[in-house]
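Below, all heavy atoms of this structure are taken into account, side chains as well, without hydrogens, waters or symmetry copies.
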Amino acid sequence: MAQCQKGNVQSCGAAGALYASGGGGASRDEKKARELLAKGCDGADTKSCSNLGVLLVQARGGAKDSAGAAKSFEKACGDADALACGMLGMQYKSGDGVSKDDTKSASYLQKGCEGGNDLACATVGKMLLEGAGVTKDVPKGVDALKRACDGGQAGACVDLGMLSEIGKDAPKNPILAKLLYQRGCFRGNAQACFAQGRMELGFGGTPEMAKRAFEMACFRNDNLSCAAMKVLFGGTRTIVPGPESMELTNRCNSGSVRDCGIAGLLNTATGNPMAKSQIERACMQQDPLACAVKNKK
C-alpha cells in the first residue's frame, strides 16, 4: 500500500488483487480492490486492467459495469493478457456491455486461446467447428477443444467426445468418446457423466460402471441420468418430462440413432407410449442405451 500511495501502479494492482481474493493476510474487500485496481489500470498496469474488468463484469465490489469492464479488458488484451482477451471475447459473443459481434468475439477468443486461456479455447473451438463468426476450420477447432479439455474445461471434453461418438468432422471412435466423457465426468460435468454412462453400456464397459456415472449425474440433478437410474437400476426419483423430450424426439425423427435411444429412455421413465417404437428403432441400430432399456423391460 505504501508503494501504491507513492505512485507505483504495479503495487496498486498487487494490493488490489490481494483485497479481491482475501489473500496475503488482507481482509477481503472488493470495493477497496476496485479502487486500487482502477489506479493500477489508469497507470497502464496490464494485470490491474484485467482484474478490474473481472470485478466490474461480475458486479463484485459495486454495481455491474459491463461497458467499463470491456474497456478494461480491451486495454489488457492489447498487452496480450490472455484472460482479458478471453473475457472480452465472451462479452462480444453475448452482447454484454458491447454490441454483439461473433466476428470480434472469435478474434478475441482466439487471442485468449493462443495465450493459454482454457475457457477461450473451449468457446472458440465450438465456433470454429460451426463456422460462427469465423471461417469453419475443423482441425483448428478440434485443436482448440483439445487444449481446453486438457486444461480442465469439462464441457470441451464433452464436445470432443460427441465428435468421436457421432463421427462427424472427426473419425468415429466410440472408445475414445467414452474416455473423453469420463474425463469430463471426473471434473464434475453432469452431461459428461450421462454420456459416459450411455457408452459404458457397450464398448467395453459394464452395467456397474454405467450406474456409477448415472448416479453422479443424477446427484447433480441431471434429468436424463435420473431417468436412466429409474429405468435401468430401480431409482425412485420422479421424472418430469421437459422441453428436451420434444427436442430429442425431433432429432430422432431426423435420423439420429443416439437421440432415439435417449428419447426412448426418457419416455419410458415418464410412461410415454412413444417410448417403445423409439427404443426398438435405436436398438435395431445397435445403440447400447436403447438395447439396455429394451432388455430390462
Side-chain angles (χ1 to χ4, degrees), residues 82-83 86-87 90 109 112-113 115-129 138-235 237 239 242 244 248 258-259 261-262 265-266 269 287-293:
L83 171 63
M87 293 294 286
M90 296 299 288
L109 288 167
C113 180
N117 183 269
D118 299 330
L119 179 58
C121 289
T123 308
V124 79
K126 290 190 72 172
M127 294 176 78
L128 285 162
L129 290 179
V138 173
K140 196 170 182 179
V142 169
D143 181 65
L145 289 174
K146 284 180 178 177
R147 291 172 67 176
C149 178
D150 291 343
Q153 290 292 321
C157 299
V158 176
D159 292 330
L160 284 172
M162 288 284 287
L163 292 178
S164 294
E165 179 184 354
I166 296 172
K168 180 183 178 182
D169 294 330
K172 189 168 184 175
N173 188 334
I175 300 300
L176 176 59
K178 184 174 74 169
L179 291 173
L180 287 163
Y181 292 144
Q182 187 177 46
R183 288 181 70 183
C185 181
F186 180 76
R187 292 167 181 158
N189 185 291
Q191 184 184 1
C193 291
F194 174 70
Q196 181 197 342
R198 286 191 300 101
M199 303 301 282
E200 295 290 6
L201 293 168
F203 311 112
T206 66
E208 291 74 22
M209 294 167 73
K211 182 180 180 182
R212 282 198 295 272
F214 289 138
E215 279 180 327
M216 284 190 281
C218 183
F219 180 76
R220 295 181 174 90
N221 297 314
D222 180 74
N223 198 44
L224 294 175
S225 295
C226 293
M229 287 300 299
K230 180 176 182 179
V231 173
L232 297 175
F233 302 106
R237 184 176 295 197
I239 308 301
E244 75 267 28
L248 288 164
R258 169 186 170 277
D259 289 315
I262 299 173
L265 167 73
L266 186 57
D287 179 74
L289 174 63
C291 292
V293 173

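Rounding to the nearest 0.5 angstrom, the gap separating the CG atom in Asn223 from the NZ atom in Lys230 is 10.5 Å. A distance of 7.5 Å separates CD1 of Ile166 from CG of Asp259, quoted to the nearest 0.5 Å. Rounding to the nearest 0.5 Å places CZ of Phe203 at 12.5 Å from CG of Leu176. Atom CZ of residue Arg220 and atom SG of residue Cys185 lie 6.5 Å apart, to the nearest 0.5 angstrom.
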Query raised in the report: Could you walk me through whether Ile262 and Arg198 pass the side chain to side chain contact (heavy atoms under 4.5 Å, CB included) check?
Result: CA-CA 9 Å; Ile262 299 173; Arg198 286 191 300 101; 3.9 Å; yes
Report task. Kindly indicate, with the supporting measurements, whether the criterion side chain to side chain contact (heavy atoms under 4.5 Å, CB included) is fulfilled by Leu160 and Lys146. Result -> CA-CA 7 Å; Leu160 284 172; Lys146 284 180 178 177; 3.9 Å; yes
Report task. Kindly indicate, with the supporting measurements, whether the criterion side chain to side chain contact (heavy atoms under 4.5 Å, CB included) is fulfilled by Ser225 and Arg237. Result -> CA-CA 11 Å; Ser225 295; Arg237 184 176 295 197; over 6 Å; no
Requested in this report: For the pair Glu165 and Arg258, evaluate side chain to side chain contact (heavy atoms under 4.5 Å, CB included) and give the outcome as yes or no after the intermediate values.
Outcome: CA-CA 9 Å; Glu165 179 184 354; Arg258 169 186 170 277; 3.6 Å; yes
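Arg187 contributes a side-chain N or O that, together with a main-chain N or O of Cys149, makes up a donor-acceptor pair within less than 3.5 Å.
Proximity of Leu145 to Leu129: side-chain heavy atoms (C-beta onward) are separated by under 4.5 Å at one or more points.
The minimum heavy-atom distance linking Lys178 with Gly204 is given by the pair NZ-C, 3.7 Å.
In terms of the ring pair (Phe, Tyr, Trp, His ring centres under 6.0 Å) criterion, residue partners of Phe194 (sequence neighbours excluded) are, by chain and number, Phe214.
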